[in-house]
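Down below is the structure, laid out as structure tokens.
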Amino acid sequence: MATTIDETKIKELTEKEGDKLNARLGKSHEMYERACEHLCNGVASSYQLRDPWPIYVDRGQGSKMWDVDGNEYYDFNNGFGAMLQGHANPDIAAAVNDRFSKGSHFAMPDWDDVVVAENLAKRFGLPKWRFNNSGSESTMDAIRIARAYTHRDHIMKIFGSYHGHHDAVMISIYADYNDIGDRYHLKSLPYGAGIPQATVDLTVPVPFNDLDALEHRIEEMEAEGNPPACLIMEACLMNMSIVPPEPGYLEGVREVTKKHGIVLIFDEVKTGLTVGPGGATKLFGVTPDMVTIAKSLAGGLPSGAIGGTDEVMHVVEDGEVYQVGTFSGNPLSMAAARASLEKVLTPAAYEHLDRMNQRLMDGCREIIKKYDFPGYAQGFGAKGCVTFSPHKITDYVSFRKGQNAALNQLAWLYQANRGVYMAPGREEEWTLSVFHDEQACDTYLATFEEMAHDLTK
């Protein structure tokens with residue numbers, strides 16, 4: 001039984017570390033006050049908020065970044081997982097500079113589109129691809145394609161998963177676990193205002209790692225005359241720390257969806273390219289009907305991709321579905337993606353990422369054992385985390401019951417004050433880049449041990 005952490009001590013240390021960090025962010029504070037006049041909340045996205053003010057960034061190089069106050073950090077957030085290639089990667093820079101000199105936008109296809117599609121088809125085992133500009137666009141387009149292919153309106157998703165900010169999937173992401181229904185009838189709950197109830201009613205959540213609940217709900221929907229068009233899911237959850245599939249679960253999901261004529265979409269916006277060269281699809285050996293990719297595809301430039309089988313993507317090729325976008329396949333993004341796939345994300349790069357991630361996880365496990373600390377380390381490829389829970393997390397309910405949001409916040413403050421920038425939030429994981437080395441990993445581990453010592457002494 002792990003040591004119970006004193007909540008009072010967590011609060012005291014959080015106040016101390018928060019004051020310490022704020023004292024180092026004077027220019028960010030000044031920038032925030034100016035930004036709030038015309039920029040809502042002083043940020044471009046609500047996920048960039050931080051209490052009492054955001055950290056404004058100045059620049060990045062390799063595995064590091066610097067804020068406007070000159071504070072230096074090893075970047076373990078990497079743009080919420082988008083910078084697998086590292087900041088200002090020279091191969092990406094050369095490709096983008098060369099492409100810009102020839103023109104940056106035409107709204108016409110170019111050769112890089114073809115090469116990137118060929119590379120992704122080989123990596124993920126799906127033959128047909130289209131491009132867009134973000135993870136949200138990728139999941140939005142994939143769902144529309146699935147609806148057209150099946151001639152069905154309802155969709156299914158995993159309760160607690162995030163699949164972008166369009167209405168269809170801003171459902172049942174975060175809620176009080178005492179008010180979400182039972183596992184056979186989880187509630188469809190809008191994530192914020194502005195989502196029509198008619199849209200909410202078309203999205204049906206189911207629990208992760210629960211084949212019985214999945215098929216039970218599908219059969220109910222069929223009996224009601226509303227069979228789902230698709231199940232969109234992460235093969236390995238990355239929105240509540242990291243929750244891997246239980247043995248046999250993904251294989252069962254593939255079988256059930258095929259049986260009921262449901263398009264299986266693996267949302268690989270977080271896992272694609274980061275957990276391995278072929279994402280979670282290759283890592284776990286289960287091929288869906290469609291995959292969605294974004295974040296790490298183009299080395300920090302806006303991009304997204306949808307891959308699918310010949311059968312499903314036929315509705316795009318025959319013109320039934322208009323998968324469109326002025327900036328889809330933008331030359332700068334595609335040049336960056338091609339350079340990334342061909343020159344950066346090589347077998348040697350993945351071997352390096354595996355070594356660094358293993359170093360982190362092994363070190364975290366040793367610290368957890370040494371201090372009898374509540375939690376465990378989990379990860380794949382460039383992704384990893386420490387889950388501060390006394391028990392194993394397998395789905396949303398076990399996550400909400402086990403998570404310690406206050407401890408997550410304290411861990412973030414400890415790292416920020418000691419030169420490591422982690423992903424903010426209670427559920428985010430780290431993302432390494434190809435430039436992260438032993439020193440970066442050991443800096444993280446030393447800080448984690450310092451916090452564990454301070455909390456248990």
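This one's a predicted model, so the numbers in the text were calculated from it and none came from an experiment. Atom set for the values below is all heavy atoms of this structure, side chains included, hydrogens, waters and symmetry mates excluded.
- Residues Y414 and D454 have side chains that bring a donor and an acceptor to within less than 3.5 angstrom of each other.
- Residues S172 and T203 are not in side-chain contact: their nearest non-hydrogen atoms beyond the backbone lie 4.5 Å or more apart.
- In this structure, S63 contributes its side chain and Y74 its backbone to no donor-acceptor pair below 3.5 Å.
- We find that E246 and K392 are joined by a salt bridge, their nearest charged nitrogen and carboxylate oxygen being less than 4.0 Å apart.
- More than 12 non-hydrogen atoms from other residues, nucleotides or ligands lie less than 6.0 angstrom from CZ of F106.
- Side chain of S101 to backbone of D98: a donor-acceptor contact under 3.5 angstrom is found.
- When the shell of 6.0 Å around CD of E342 is examined, it contains more than 12 heavy atoms from other residues, nucleotides or ligands.
- A 4.5 Å side-chain heavy-atom check between N77 and M422 finds every atom pair outside the cut-off.
- Across every non-hydrogen atom of Y350 and L345, the tightest pair is CE1-O, 3.5 Å.
- Between the side chains of W430 and N357, at least one donor N or O lies within less than 3.5 Å of an accepting N or O.
- In terms of modelled atom types and a separation under 3.5 Å, the side chain of D69 and the main chain of S28 share a donor-acceptor contact.
- R254 places no side-chain N or O within 3.5 Å of a backbone atom of V286 that could act as its donor or acceptor partner.
- With sequence neighbours excluded, the residues that form a side chain to side chain contact (heavy atoms under 4.5 Å, CB included) with V114 are W111, E118.
- Shown here are the side chain to side chain contact (heavy atoms under 4.5 Å, CB included) partners of Q48, two or more places apart in sequence or in another chain: V43, A44, S45.
- No side-chain donor-acceptor contact under 3.5 Å links S333 to the backbone of G329.
- Applying the 6.0 Å contact sphere to NE2 of H352 captures more than 12 heavy atoms from other residues, nucleotides or ligands.
- Closest approach of L231 and I262 over heavy atoms only: N-CG2, 3.5 Å.
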Mind running salt bridge (Lys or Arg N to Asp or Glu O under 4.0 Å) on K258 and D289 for me, showing each step along the way?
CA-CA 9 Å; K258 279 186 177 180; D289 299 297; over 6 Å; no
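- In this structure, the separation between CG on D310 and CG on L126 is 9.5 Å, given to the nearest 0.5 Å.
- The line from CE of M233 to CG of D267 is 10.5 Å long, rounded to the nearest 0.5 Å.
- Contact annotation: the side chain of L237 never approaches that of I393 to less than 4.5 Å [non-hydrogen atoms, C-beta and beyond].
- Every residue meeting the ring pair (Phe, Tyr, Trp, His ring centres under 6.0 Å) condition with F327, not counting sequence neighbours, appears here in chain and number order: H105.
- Under the 4.0 Å criterion applied to side-chain N and carboxylate O atoms, K128 and E317 are assigned as salt-bridge partners.
- Dense packing is recorded around NZ of K20, with more than 12 heavy atoms of other residues, nucleotides or ligands lying under 6.0 Å away.
- Judged purely by atom type and a 3.5 angstrom limit, E268 uses its side chain to pair as donor or acceptor with the backbone of T281.
- Not one N or O on the side chain of D58 forms a donor-acceptor pair closer than 3.5 Å with the backbone of W66.
- Counting only heavy atoms from C-beta outward, the side chains of W129 and V291 approach each other to under 4.5 Å.
- In terms of modelled atom types and a separation under 3.5 Å, the side chain of S136 and the main chain of H166 share no donor-acceptor contact.
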Run S340 and I92 through side-chain contact (heavy atoms from CB on, under 4.5 Å) and show every step you take.
CA-CA 6 Å; S340 174; I92 306 290; 3.7 Å; yes
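- Between Y444 and F76, the ring-plane angle classifies as parallel under the 30° and 60° cut-offs.
- Atom CZ of R144 has 12 or fewer heavy atoms from other residues, nucleotides or ligands within 6.0 Å.
- The ring of F284 has its center closer than 6.0 angstrom to the ring center of F380.
- Between the side chain of N97 and the backbone N or O of A93 there is at least one donor-acceptor pair closer than 3.5 Å.
- The shortest side-chain heavy-atom distance between T271 and M238 falls under the 4.5 Å cut-off.
- Nearest heavy-atom pair across G160 and N239 is O-ND2, 3.1 Å.
- In this structure, F435 has its ring center no closer than 6.0 Å to that of H87.
- The backbone N or O of F100 lies less than 3.5 Å from no partner atom in the side chain of S104, so there is not a single donor-acceptor pair.
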